Amino acid sequence: MSRSSPPPPDGKALSAELLSWYAHHKRRLPWRDHPDPYRIWISEVMLQQTRVASVEPYYERFLKEFPTVEALARAPLDRVLKLWEGLGYYSRARNLHRAARVVVERHGGRLPAQKDELLKLPGIGRYTAAAILSLAFEQDEVVLDGNVRRVASRVLAVREDPRKASVERQLEEALKGWLPPGRARDFNQALMELGSLICLPKAPRCSICPIAERCRARALGLQGEIPRRARRRPLPHKDVAVGLLQKGGKLLIVRRPPQGLLGGLWDLPQAPYAYEGSPREALQRAFRELGISTDVGEELTRVEHGYSHFRVTLHVFRCALQDGADPAPPLKPEGEWAWVRPRELPRYAFPKGAQKVFSALGLSGLDPDQEREEEQKQQDLQQEEQESRERRRA
DNA sequence: TATCCGTGGCC
DNA sequence: TGGCCAAGGAT
């Protein structure tokens, strides 16, 4: 430790100033109104690697349709994915759905208040478990998310990568020392709020920071260097052939495999062709695996899209059934493919890349009013199915 | 421990 | 404009 470093901060004073600032400056967020475990859970999963502004509308719609764990548990996965459409990281939706069923079957519909039990639920890791325990159950748990990691590593002037396990332990120990007993709910949210409003990654607003006087990075002029960030490799690029196959005004769509990239979402039939020859051959082979013989025609359009770890160019080809013959049903099981009219597309959850394709081809087909109409029909259908189930039960 | 897993907004 | 980043988890 450098001789010129300020002493470690006074935890009591730091938390008092932090809590006072939070009391005056906290944002009004939907999940802060009634912090019950279910709502906190949903919000924390949605907020994983996702900004508050992006989450808010999704949270409202999700809670309206699934106000309870039971409602979520009895919903079809397709419907959960539809409400998650566009939010990204779709394993979160699949895990949430699975976990809801576990909570109903094994915990009587109530989220457990024990960390080891929470950690057994799919989609709940160390951060989310601690967040639920502190925010919903008011247990004295500290959280360590990206915000807190940045704030704490600056306050302590930790120069190492704060994602290293050894550094995480160091930060957690410091946080436990600062946490005022019984105040974990506000303390944790205050740290995260400070990280997202004041202690910003690039240009921290130290001049209005309530704990700037206790920040070692600030004292050392290192607030711009901490936390140390690893440079990431350039994203690889892939080319994918996408097939537009129409029959009688309907379009063939397929469900993606239940795990992996965009798992469980619907998409256009497609094939990567990096090492497999021409895009047309790759696409024809993909249709063949569905039990459909096609001729691949002109390239209609190209769409660029980026994912978290690679970029793609989607090459969209017009396809036609060979000899105009009516195809046997695809080999994949029912429910893994569908012939749909363009106006029915909004019933299905599609990744953003497919939506760009629809838009480029003028297939979105629906103005916002029609979208809402379709949405309403879908909700009515869900409602009828539920009432039907309840009648059978009665 | 490192890699996979989406999307949108920011400068 | 494109690289960077966000209330992480699973493997």
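In the text below, chain A, chain B and the rest are named by the order of the sequence lines, each starting its count at 1. No experiment lies behind these values; they were computed from the predicted model shown. The figures that follow rest on heavy atoms only: side chains count, while hydrogens, waters and symmetry mates do not.
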Worked check of salt bridge (Lys or Arg N to Asp or Glu O under 4.0 Å) between E56(A) and R27(A): CA-CA 12 Å; E56(A) 281 182 316; R27(A) 288 168 292 180; over 6 Å; no

For residues 106-118 of chain A, run the donor-acceptor check on the side chains, cut-off 3.5 Å, and write out each pair with its distance to 0.1 Å, sequence neighbours left out.
| residue | atom | partner | partner atom | Å |
| --- | --- | --- | --- | --- |
| K115(A) | NZ | E141(A) | OE1 | 2.8 |
| E117(A) | OE2 | K120(A) | NZ | 3.1 |

[N] phosphate, OP1 or OP2: any side-chain N/O from [X] under 4.0 angstrom?
X	N	result
H305(A)	dG6(B)	no
Y307(A)	dC4(B)	no
H309(A)	dC5(B)	yes

Calculate the interatomic distance between [X] atom [atom1] and [N] atom [atom2]; express it in whole Å.
X	N	atom1	atom2	answer
K356(A)	dG6(B)	NZ	P	15 Å
R163(A)	dA2(B)	CZ	P	10 Å
L261(A)	dT11(C)	CG	C1'	16 Å
L235(A)	dC5(B)	CG	P	13 Å
K164(A)	dA2(B)	NZ	P	10 Å
Y58(A)	dG6(B)	OH	P	13 Å

Starting at the 5' end of DNA chain B, which residue's closest nucleotide do you reach first, G86(A) or S166(A)? S166(A)

Classify the nucleic acid contact of [X] as base, sugar-phosphate or nothing, counting any heavy atom under 4.0 Å across all strands shown.
X	result
A165(A)	sugar-phosphate
S54(A)	nothing
G306(A)	base

Which letters describe nucleotides 2-10 of chain C, given B = protein heavy atom under 4.0 Å from base, S = only from sugar-phosphate, - = neither? -SSBBBBSS

Atom P, compared across dC10(B) and dA7(C): separation rounded to whole Å: 15 Å

Determine the interatomic distance between P on dT3(B) and the same-named atom on dC4(C); round to the nearest Å. 16 Å

Tell me every residue that passes side-chain contact (heavy atoms from CB on, under 4.5 Å) with [X], counting only those two or more places apart in sequence or in another chain.
X	result
C206(A)	P204(A), R218(A), Q223(A)
Q284(A)	T294(A), D295(A), V296(A), Q322(A)
H25(A)	W21(A)

Salt bridge (Lys or Arg N to Asp or Glu O under 4.0 Å) with R255(A): which residues, sequence neighbours excluded? D78(A), E336(A)

Could you check if a side-chain atom of E44(A) sits within less than 4.5 angstrom of a side-chain atom of W31(A), using non-hydrogen atoms only? no

